[in-house]
Colleague: 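Pasting in a structure now, in C-alpha cells, and then I'll have a few things to ask.
Heavy atoms only: backbone and side chains are in, while hydrogens, waters and symmetry mates are out. The chain is numbered in sequence order, starting from 1. The model shown is predicted, which means the values in this text are computed figures rather than measured ones.
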Amino acid sequence: MEKFLFVAVNAKYVHTNLAIRYLRNSISYPSLMREYTINDDINRVCAEIFKTGIKNILFSCYIWNIEYILRLCEILKKADSSITTLLGGPEVSFSPEEILEKSTYVDLVICGEGEPVIKEACRMMELGIEKPRIIRNDVPIDLNDYPFPYEGEDIGLLDGKILYYETSRGCPFRCAFCLSGAYGKVRYLDLERVKREIEFFINNNVRLVKLVDRTFNSDAKRALEIVNFIKQKSKVTTFHFEIKAELMTPELVCALATSKKGMFQVEIGVQSTDKATLKNINRTLDLEKLSYVVSSLKKNDNINVHLDLIAGLPGETVESFINSFNEVLSLRPHVLQLGFLKKLKGAELDAKGSKFLDFPPYEVVASDKMSYSDLMRLKRIEEVLEKYYNSGSFKESMALILDTYYKENPFDFFDGFGKFYEEESKTPLSKKTQFEVLFNYCTKLSLKEEIINAITIDYCRISRDNLSFMKPIEKLKEKAFEFLKNNDNVNKYFKNHDGKLPTQLFKKLRFEKIGEKIYVFDYINNEYYDITEEMPKGW
C-alpha cells in the first residue's frame with residue numbers, strides 16, 4: 001500500500017511537473033503521483049485524492065497554484081483530520097512561517113532544494129509531526145546524486161505532454177527579478193548521463209522536451225556537445241532551451257542553424273534594450289550580438305526563436321519600453337513573449353516607487369515610471385500580440401502589415417489594433433471572428449487589397465470555411481478535379497499523396513482564387529502552393 005502521494009497542480013493540461021518526479025524518486029517508500037491543473041474542479045480533485053486512501057500528501061507550490069493548493073489542504077483536512085500535508089517549492093521556500101500562519105491546514109514546509117531532506121520529511125509525516133514544522137536545506141545539491149526523474153515511469157501515459165528536464169541547476173547571473181541565481185553557482189549533470197537521458201526521450205518519441213536550465217549555454221563547449229548529440233540521435237523530439245545570446249559561440253550557432261527543421265526551439269530573455277533599465281535589474285545586453293544570433297538561427301527557417309520582454313521594470317518609461325518593443329520585434333522572432341514584472345519572494349528586486357499585488361502572481365500594478373493605465377495599455381497589446389503574432393495563425397498577414405506599413409514602429413500597429421480589438425471583443429472571440437476583426441481594422445485603415453489577400457490566405461491555411469468578404473468561385477470542384485487529374489501536377493506538389501485518386505486527394509485539399517492568383521491548401525502537410533501557372537486561363 002502506498003504511503004505517500006505527490007501532487008502537482010500545473011498551469012495547463014499539457015504541462016508536467018519535474019519536482020515531484022525528482023522527490024518521488026529520491027525516497028524508497030511506496031508512493032503515488034497525481035497531476036492536475038488549476039482549471040480542474042477543486043471538489044473533484046479532492047475526491048480523487050481522498051479516494052486513494054493515502055494519508056500523507058505532498059504538494060509542489062508555485063505562484064500559479066499556491067491559492068488552489070491551500071484550498072485543497074483545507075478541504076482534505078476537514079474531510080479527514082488524520083491527513084498530513086506537506087508543501088514545498090519556490091512559493092513557500094522564502095516565507096514558510098507566513099504560510100504556516102496563513103493556513104492551519106498545512107502541517108509541514110520544506111524550504112530550498114528538497115531532494116536531500118525529502119526522506120526526513122516523509123519520516124516525520126509517518127511518525128507524527130512535532131515542532132519545528134519547517135525543514136530547511138541551504139546546501140546546493142549535486143544533481144548527480146539523484147536518479148533520473150522519469151526513471152520507472154510509464155512514459156506512454158505522458159503522450160502529447162511537454163516533459164521538463166534539466167542538465168544543470170543554478171545560474172551564473174543574478175538578475176534582480178529572478179530566483180535562479182539564489183540557488184548557488186551552476187551545477188552540471190554528468191555529460192554522459194545527460195546523453196543517456198536525452199536518448200531516453202528520443203527513443204520514446206516524446207514530442208517536446210523543455211530544458212529548465214536557466215542558461216543552457218553557460219558552458220558553450222558542453223552545450224555544443226549536447227546539441228550535436230541530439231542532432232545525431234533525434235527523430236521526432238523537439239528540444240527547447242533558454243540561452244544567453246552573448247555567450248553563443250560561432251560553433252554553437254552553426255550547429256543549431258544547420259539542424260533538422262523542428263529539432264530545436266530557442267528562447268532568449270532580452271527583457272529590455274534600455275541600458276539604464278537593465279542596470280537596475282543587474283543585466284547587460286549586447287544588441288549587436290543578439291541581432292547576429294537571432295538572424296543566424298532564423299536564416300534556414302529550421303528553428304523557432306522566442307524572445308522575451310518584461311513590462312514594468314524599474315526605471316523603464318513608456319517611451320523606452322516602446323523602443324525596446326520595436327527593437328526586439330524588428331528581429332522578427334517567431335514568438336515575442338511579453339510578460340509583466342513580478343516581485344517574487346526571495347528575489348533581490350529593488351523597485352522603490354513601484355506597487356505590486358500582495359497575492360499571487362505578485363504582479364506590478366504601477367511601476368515607478370508607468371501608471372496602472374500605462375500597464376493596462378500594454379496588457380491590451382499583449383493580448384493581440386499573443387493571438388495575432390505569436391499564434392502563427394496570421395503569419396502572412398502579420399508579415400505584410402509589419403514589413404510594409406509598420407516597419408519602423410510596429411508598436412503603433414499593436415497599440416492601435418489593441419484598442420480596436422478591445423472594443424470588438426466584449427465576449428471571447430472565435431478564431432473565425434478574430435480574422436474578421438483584423439479585416440475590419442485593416443479596412444478602417446484603408447490598407448491595400450494585398451493585406452486582405454494575406455488575411456484570406458492565412459484563414460484558408462487553417463479552415464475550409466469562408467470569411468464574410470470571400471466570394472464563392474463558380475465550378476470550383478470541376479476545375480480542381482481537372483487540375484488533380486494531371487499526374488504532372490500531383491507529382492510536382494503532392495509527393496506524399498502519390499497513388500491517391502483525385503476524389504481522395506480533393507478531400508485533403510482546398511482550392512481558392514485569392515486576388516489574381518490561384519492557391520491550393522494542403523491540410524495534411526500544412527502547406528499551400530501558388531498554382532496559377534498550371535490552371536486554365538479564365539478561372
Colleague: Is there a side-chain contact between L349 and F356 (heavy atoms, below 4.5 Å)?
Modeller: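 The answer is yes, as the side chains (C-beta and beyond) meet within the 4.5 Å cut-off.
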
Colleague: Got a second to check how far L163's CG is from T16's OG1, nearest 0.5 Å?
Modeller: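 If we round to the nearest 0.5 Å, L163:CG and T16:OG1 are 4.5 Å apart.
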
Colleague: Do N409 and I322 come close enough that some side-chain heavy atom pair is under 4.5 Å?
Modeller: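 Sidechains of I322 and N409: in contact.
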
Colleague: Does R283 use its side chain to pair, donor to acceptor, with the backbone of C175 at less than 3.5 Å?
Modeller: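 Not confirmed, R283 side chain does not pair with C175 backbone.
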
Colleague: Could you walk me through whether E74 and K78 satisfy the salt bridge (charged side-chain N to carboxylate O under 4.0 Å, His left out) test, starting with their C-alpha distance in whole Å, then the side-chain angles of each, then the deciding distance to 0.1 Å, before giving a yes or no?
Modeller: CA-CA 6 Å; E74 179 178 353; K78 285 181 175 179; 2.7 Å; yes

Colleague: Could you report the tightest heavy-atom contact between N25 and P147, atom names first, then the distance?
Modeller: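 Scanning both residues, the minimum pair turns out to be O-CG, 3.2 Å.
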
Colleague: Indicate yes or no for a side-chain donor-acceptor contact from R133 to the backbone of V106 under 3.5 Å, with no hydrogens or angles considered.
Modeller: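 Checking the backbone N and O of V106 against the side chain of R133, a donor-acceptor pair under 3.5 Å is found.
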
Colleague: Using a cut-off of 6.0 Å, state whether more than 12 heavy atoms not belonging to K369 lie near its atom NZ.
Modeller: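 No, NZ of K369 has 12 or fewer neighbouring heavy atoms, counting only those of other groups under 6.0 Å.
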
Colleague: Quick one: do the Y62 and S60 side chains pair a donor with an acceptor below 3.5 Å?
Modeller: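 Yes, a side-chain donor-acceptor pair sits under 3.5 Å.
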
Colleague: For the pair K210 and E242, find out whether any cationic side-chain nitrogen is under 4.0 Å from an anionic carboxylate oxygen.
Modeller: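 No, K210 and E242 are not salt-bridged.
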
Colleague: Check the pair Y421, R380 against side-chain contact (heavy atoms from CB on, under 4.5 Å), reporting the backbone distance first and the verdict last.
Modeller: CA-CA 8 Å; Y421 185 88; R380 288 198 302 262; over 6 Å; no

Colleague: Distance only, no hydrogens: is a donor on one side chain within 3.5 Å (strictly under) of an acceptor on the other, for N280 and T277?
Modeller: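 No, no side-chain donor-acceptor contact under 3.5 Å.
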
Colleague: Any chance the rings of F201 and F148 have centres within less than 6.0 Å?
Modeller: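 They qualify: ring centres under 6.0 Å apart.
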
Colleague: Would a 4.5 Å heavy-atom cut-off, applied to side chains only, mark N17 and M33 as touching?
Modeller: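 A side-chain contact is absent here, since even the closest heavy-atom pair is not under 4.5 Å.
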
Colleague: Roughly how far apart are S168 OG and D219 CG, rounded to 0.5 Å?
Modeller: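 So the gap between those two atoms works out to 9.5 Å.
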
Colleague: Looking at Y13, is K161 sitting on its ring face, NZ or CZ under 6.0 Å from the six-membered ring centre and within 45 degrees of the normal?
Modeller: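 Yes, a cation-pi geometry.
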
Colleague: Pairs in or reaching into residues 81-93: which pass salt bridge (charged side-chain N to carboxylate O under 4.0 Å, His left out), with residues at least two apart or in two chains?
Modeller: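 Output for this query lists E91-K345.
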
Colleague: Is there a donor-acceptor contact under 3.5 Å from the side chain of K289 to the main chain of M248?
Modeller: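 The answer is yes, because a donor-acceptor pair under 3.5 Å joins these two groups.
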
Colleague: For the backbone of D40 and the side chain of Y68, can you confirm whether one donor and one acceptor N or O come within less than 3.5 Å of each other?
Modeller: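 Here the side-chain-to-backbone pair exists.
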
Colleague: Could R169 and Y146 be counted as a cation-pi pair, given that NZ or CZ must be under 6.0 Å from the ring centre and within 45° of the axis?
Modeller: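 No.
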
Colleague: Return the minimal non-hydrogen interatomic distance between R34 and L32, and the atom names on each side.
Modeller: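 For R34 and L32, the tightest heavy-atom pair comes out as NH2-CD1, 3.9 Å.
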
Colleague: Between N326 (side chain) and F411 (backbone), is there a donor-acceptor pair under 3.5 Å?
Modeller: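 Yes, because the side chain of N326 sits within donor-acceptor range (under 3.5 Å) of the backbone of F411.
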
Colleague: For the pair N282 (side chain) and R174 (backbone), establish whether a donor and an acceptor sit closer than 3.5 Å, ignoring hydrogens and angles.
Modeller: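 At least one qualifying donor-acceptor pair exists.
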
Colleague: Does the side chain of N56 reach to within under 4.5 Å of the side chain of C122, using non-hydrogen atoms?
Modeller: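 With C-beta onward as the side chain, the pair stays apart.
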
Colleague: Does a donor on one side chain and an acceptor on the other come within less than 3.5 Å for S324 and T273?
Modeller: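 Yes, T273 and S324 have a side-chain donor paired with an acceptor closer than 3.5 Å.
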
Colleague: Do E35 and N10 have side-chain atoms, one donor and one acceptor, less than 3.5 Å apart?
Modeller: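 Judged by distance alone, the side chains do pair up.
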
Colleague: Can you confirm whether the side chains of S234 and T237 place a donor and an acceptor under 3.5 Å from each other?
Modeller: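 Looking only at side-chain atoms, T237 and S234 do not form any donor-acceptor pair under 3.5 Å.
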
Colleague: What's the spacing between L357 CG and K343 NZ if we round to 0.5 Å?
Modeller: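 Reported to 0.5 Å precision, the distance equals 12.5 Å.
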
Colleague: Any idea which heavy atoms bring S103 and L70 closest together, and the distance?
Modeller: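 Looks like CB-CD2, 4.0 Å.
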
Colleague: Give me the one residue out of E197, E199, E192 that meets salt bridge (charged side-chain N to carboxylate O under 4.0 Å, His left out) with K195.
Modeller: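 Exactly one pass, corresponding to E192.
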
Colleague: Indicate yes or no for a side-chain donor-acceptor contact from T238 to the backbone of G262 under 3.5 Å, with no hydrogens or angles considered.
Modeller: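 Confirmed, T238 side chain pairs with G262 backbone.
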
Colleague: Taking atom types as modelled and ignoring hydrogens, do the side chains of S393 and K431 form a donor-acceptor contact shorter than 3.5 angstrom?
Modeller: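 S393 vs K431: donor-acceptor pair found between side chains.
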
Colleague: Kindly indicate, with the supporting measurements, whether the criterion side-chain contact (heavy atoms from CB on, under 4.5 Å) is fulfilled by K12 and W64.
Modeller: CA-CA 10 Å; K12 296 181 179 179; W64 62 80; over 6 Å; no

Colleague: Does the S354 side chain pair with the main chain of D368, one donor and one acceptor, at a distance under 3.5 Å?
Modeller: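 Answer holds: yes.
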
Colleague: Taking the side chain as every heavy atom from C-beta outward, state whether D274 and N323 have any pair of such atoms under 4.5 Å apart.
Modeller: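 The answer is no, as the side chains (C-beta and beyond) never meet within the 4.5 Å cut-off.
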
Colleague: What I'd like to find out is whether the side chain of V437 reaches to under 4.5 Å of the side chain of F417, using heavy atoms alone.
Modeller: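 Touching, per the 4.5 Å side-chain cut-off.
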
Colleague: Just wondering, are more than 12 heavy atoms of other shown residues or ligands nearer than 6.0 Å to NZ in K3?
Modeller: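 No, NZ of K3 has 12 or fewer neighbouring heavy atoms, counting only those of other groups under 6.0 Å.
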
Colleague: Who are the ring pair (Phe, Tyr, Trp, His ring centres under 6.0 Å) partners of H240, not counting sequence neighbours?
Modeller: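 In terms of ring pair (Phe, Tyr, Trp, His ring centres under 6.0 Å), with neighbours along the sequence ignored, H240 is linked to H306.
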
Colleague: Got a second to check how far T85's OG1 is from M125's CE, nearest 0.5 Å?
Modeller: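 So the gap between those two atoms works out to 7.0 Å.
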
Colleague: Is the backbone N or O of R332 less than 3.5 Å from a side-chain atom of K298, with the two atoms forming a donor-acceptor pair by type?
Modeller: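 Present.
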
Colleague: Nearest heavy-atom pair of Q434 and Y388: which atoms, and what distance?
Modeller: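 That would be O-OH, 2.6 Å.
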
Colleague: Please report the C-alpha distance between V384 and F420 in whole Å, then the side-chain angles of each, then the deciding distance to 0.1 Å, and finally whether the side-chain contact (heavy atoms from CB on, under 4.5 Å) criterion is met.
Modeller: CA-CA 10 Å; V384 291; F420 185 83; over 6 Å; no

Colleague: Can you confirm whether E97 is buried at CD, in the sense that more than 12 heavy atoms of other residues, nucleotides or ligands lie under 6.0 Å from that atom?
Modeller: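 Yes, CD of E97 has more than 12 neighbouring heavy atoms, counting only those of other groups under 6.0 Å.
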
Colleague: To the nearest 0.5 Å, what is the distance between CG (L72) and CG (L87)?
Modeller: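 Taking CG in L72 and CG in L87, the distance rounds to 10.0 Å.
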
Colleague: Around D358, counting heavy atoms of other residues, nucleotides and ligands shown, do more than 12 lie under 6.0 Å from its CG?
Modeller: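 Counting other residues, nucleotides and ligands, CG of D358 stays at 12 neighbours or fewer.
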
Colleague: Do the non-hydrogen side-chain atoms of L158 and E153 ever get within less than 4.5 Å of each other?
Modeller: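 They are in side-chain contact.
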
Colleague: A quick test of your reading: do over 12 heavy atoms of other residues, nucleotides or ligands sit less than 6.0 Å from CG of D159?
Modeller: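 No.
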
Colleague: Does the pair D415 and R377 meet the rule for a salt bridge (charged side-chain N to carboxylate O under 4.0 Å, His left out), with working shown?
Modeller: CA-CA 8 Å; D415 190 26; R377 176 187 178 190; 2.8 Å; yes

Colleague: Does K77 reach the main-chain N or O of I83 with its side chain, forming a donor-acceptor pair under 3.5 Å?
Modeller: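 Flag set: sc K77 to bb I83 pair under 3.5 Å.
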
Colleague: What I'd like to find out is whether the side chain of F340 reaches to under 4.5 Å of the side chain of L378, using heavy atoms alone.
Modeller: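 Result yes, sub-4.5 Å side-chain heavy-atom pair found.
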
Colleague: Taking everything shown except K279 itself, do over 12 heavy atoms lie less than 6.0 Å from its NZ?
Modeller: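 No, the 6.0 Å shell around NZ holds no more than 12 heavy atoms from other groups.
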
Colleague: Under the side-chain contact (heavy atoms from CB on, under 4.5 Å) criterion, do V294 and V266 qualify, and how do the steps go?
Modeller: CA-CA 9 Å; V294 172; V266 173; over 6 Å; no

Colleague: So which atom in T167 and which in R222 form the shortest heavy-atom distance, rounded to 0.1 Å?
Modeller: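 So the minimum-distance heavy-atom pair works out to O-NH2, 3.0 Å.
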
Colleague: When rounded to the nearest 0.5 angstrom, what distance separates CG in L247 from CG in N217?
Modeller: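 L247 atom CG to N217 atom CG measures 5.0 Å (nearest 0.5 Å).
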
Colleague: Write down the atom of N137, the atom of V117, and the distance for their closest heavy-atom approach.
Modeller: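 What the structure gives for the nearest pair is CB-CG1, 4.0 Å.
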
